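Structure, as structure tokens:
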Amino acid sequence: MLVPKNWTPLIAAALMALISVVAGCRCPSCKCVPPTPVAPCSFERVAPDTSAPDLAALLPADTPSPADYPCLLPAPTESYEALDASACQCNAATNADVANAVQIERHWANVLISCEEGVVEESLCLTRSLLSLQAADLRNGAAAAALTAFYLLAGVEAQQDVLDRGVSEALATLRRIDDLTGQGLPVPDQLDRGVIAAQVATLKDKRLQLCFARIQLNGQLKRLLGCPLDERTFFWPRAAWAPDLTPVDVEGAVAEGLAQRSDVRSLGIVRCKLSKATVPVARKVLAVADATLGAVVPASGLLHQFRCGDCEDHEIAVRCRQLRLIENYNTELAIAKIKSAAFKVGVQQDRVRLAKQAVDERRWELESLVKRREAEDISIFEVSAARGRLYDAETSLIEKVVELKVARVALHEVQGRLAVECGYAVTICGEHCCTGNCTTGPWAGCCGAACSESTCCDAVTP
């Protein structure tokens, strides 16, 4: 009996199935999912030991002192590389990798725009505008991160010098106490050698922390500025140390921030340009606010178009309402962030003033003791203690000034002005001219032919 040729594959499949039933499955692992390893939650029950461990007794008796055991952290060899705030800010904005990747995506949108027309061109134009704003926002964040690291590094370098002077002063006091003790002379009652030795250890510990912070901050700056990572080459931040104590115009800061923040502008643009052509873009923008938004998408196909074609107009109304809600939320959130950052600048300004008063008082105290020393037989120990208190006050002032400068960076970041200051300002043609179907906003209607989206003339500089 002849078998038709088109039956051959079916007969072969049937034979393979019969063989597998008779011989058994050759892939036994396919029958179940293998279990994953589980560590049992079973531990010994004990009574807690409330006594603190004697760590000093656990260390060897011949543990070398810090002076005999130098820090193994890398240190600058011969010279630093000078870095000022402006170069730090703008180099970071320019070399922001993710922002540059978004800029390339914008270029690709521009390429497609040149060969499309109609609704596709309209959607791509809106996408390109959003990409421009996103790239600027990423550059703004990179500039803020770099400036923050810049001022923190400047504070580290400045504090190291004051700490070194404090350590030298405390060690000199210890030597004087040891000299008096060695000569059999009495030590002033107010001096406790153990307390001063502990102060020295505390200062040296802080010095080690600053050494490590310097390495970390240099690494952050090199990454943000696009420089090769090298733990032997350090930046020397040329910071303008004079603090700006001018009061912040809070309402002015809010107005400037709302005009520049990319998140607020993006939502406003999408709402103003919402149409059937741009609904897919609106869905993606809404999904950024919450993953559930924009997730319900009409089905495609002729049957859907026949039965639910009228639903497209209703989706525009839905998206318009959602965009307005999210835009209002983002606007209020932006206002809160800007005001909070502005208020923090004011608080840091007052803290700088208080720290300055403390330094002035400590300097007056030291100068007074030095002048009265010979006439009133004031001991060198009193002068040394006053000098140590001055060093503490100067360290505190450095910290407060750095915190003020970082607070101003944070304010400028939430305003979205750091990238703009470096030339990365984004101009969207017809940004405040609503040509879409959301016609209830304050910018309803078109402002004239100059706002035509057909030109797709948004621009970013440089």
Side-chain angles (χ1 to χ4, degrees), residues 93-142 261-289 291 293-302 304-305 309 312-313 315-316 318-320 322-323 326-327 419-420 423-438 443 446-462:
T94 300
N95 293 333
D97 290 334
V98 181
N100 288 329
V102 173
Q103 198 69 21
I104 295 173
E105 190 74 14
R106 179 185 179 277
H107 160 75
W108 175 234
N110 199 43
V111 170
L112 295 181
I113 288 170
S114 64
C115 57
E116 295 288 354
E117 60 181 13
V119 295
V120 176
E121 181 189 18
E122 185 179 352
S123 176
L124 287 172
C125 283
L126 179 57
T127 299
R128 191 180 77 162
S129 298
L130 297 177
L131 289 172
S132 299
L133 291 170
Q134 175 66 6
D137 187 57
L138 291 168
R139 297 188 193 281
N140 186 71
R261 282 182 63 100
S262 296
D263 55 346
V264 176
R265 293 177 65 188
S266 296
L267 287 165
I269 291 170
V270 174
R271 180 177 55 81
C272 281
K273 308 301 179 185
L274 187 64
S275 64
K276 288 184 179 181
T278 61
V279 162
V281 180
R283 293 180 193 137
K284 295 178 181 178
V285 171
L286 288 168
V288 174
L293 298 179
V296 180
V297 181
S300 58
L302 293 177
H304 169 78
Q305 291 295 326
E312 292 183 358
D313 293 334
E315 184 180 8
I316 292 178
V318 168
R319 302 308 179 198
C320 184
Q322 288 176 322
L323 286 168
I326 301 302
E327 183 182 2
V420 174
Y424 292 99
V426 180
T427 303
I428 307 296
C429 181
E431 179 175 354
H432 298 302
C433 303
C434 288
T435 58
N437 297 107
C438 294
W443 300 98
C446 182
C447 299
C451 296
S452 172
E453 273 296 298
S454 62
T455 57
C456 201
C457 56
D458 69 290
V460 59
T461 54

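Start at 1 with the first residue, then count along the sequence. This is a predicted model, so every value here is computed, not measured.
Atom-to-atom distance recorded for W108:CH2 and L124:CG is 10.0 Å, nearest 0.5 angstrom. For the atom pair CG (L131) and CD (Q103), the distance works out to 8.5 Å, reported to the nearest 0.5 Å. Taking CD1 of I428 as the reference point, atom OG of S266 lies at 8.0 Å (rounded to 0.5 Å). Separation of atoms NZ (K284) and CG (L126) is listed at 11.0 Å; rounding is to 0.5 Å.
Here R265 pairs with E431 under the salt bridge (Lys or Arg N to Asp or Glu O under 4.0 Å) rule; sequence neighbours left out. For D263, the salt bridge (Lys or Arg N to Asp or Glu O under 4.0 Å) partners at least two apart in sequence or on another chain are R261. In this view, E327 and L267, R271, T331 satisfy the side chain to side chain contact (heavy atoms under 4.5 Å, CB included) rule, not counting sequence neighbours.
Side-chain atoms of N110 never come within 3.5 Å of backbone atoms of E105 as a donor-acceptor pair (strictly under, hydrogens ignored). Counting only distance, with no hydrogens or angles, the side chain of N100 and the backbone of A96 share a donor-acceptor pair below 3.5 Å. Side chain of S132 to main chain of V426: no donor-acceptor pair is present (N/O by atom type, distance under 3.5 Å, no hydrogens or angles).
For the pair R139 and Q134, the minimum side-chain heavy-atom distance is 4.5 Å or more. In this structure, the side chains of I326 and V285 stay at 4.5 Å or more apart for every pair of heavy atoms. By the 4.5 Å heavy-atom criterion applied to side chains, V270 and T278 are not counted as neighbours.
A pairwise comparison of heavy atoms in S123 and A277 identifies CB-O, 3.4 Å as the closest pair. The minimum heavy-atom distance linking V420 with A425 is given by the pair CG1-CB, 4.3 Å.
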- From CA spacing to verdict: side-chain contact (heavy atoms from CB on, under 4.5 Å), T94, Y424: CA-CA 9 Å; T94 300; Y424 292 99; 2.8 Å; yes

- Given L133 and I269, is the side-chain contact (heavy atoms from CB on, under 4.5 Å) satisfied, shown in steps? CA-CA 11 Å; L133 291 170; I269 291 170; 3.7 Å; yes

- Task: Please step through side-chain contact (heavy atoms from CB on, under 4.5 Å) for the pair L138 and V102, ending with a clear verdict.
- Result: CA-CA 9 Å; L138 291 168; V102 173; 3.8 Å; yes

- Task: Output, in order, the C-alpha distance, side-chain angles, deciding distance and verdict of side-chain contact (heavy atoms from CB on, under 4.5 Å) for V111 and H107.
- Result: CA-CA 6 Å; V111 170; H107 160 75; 3.6 Å; yes

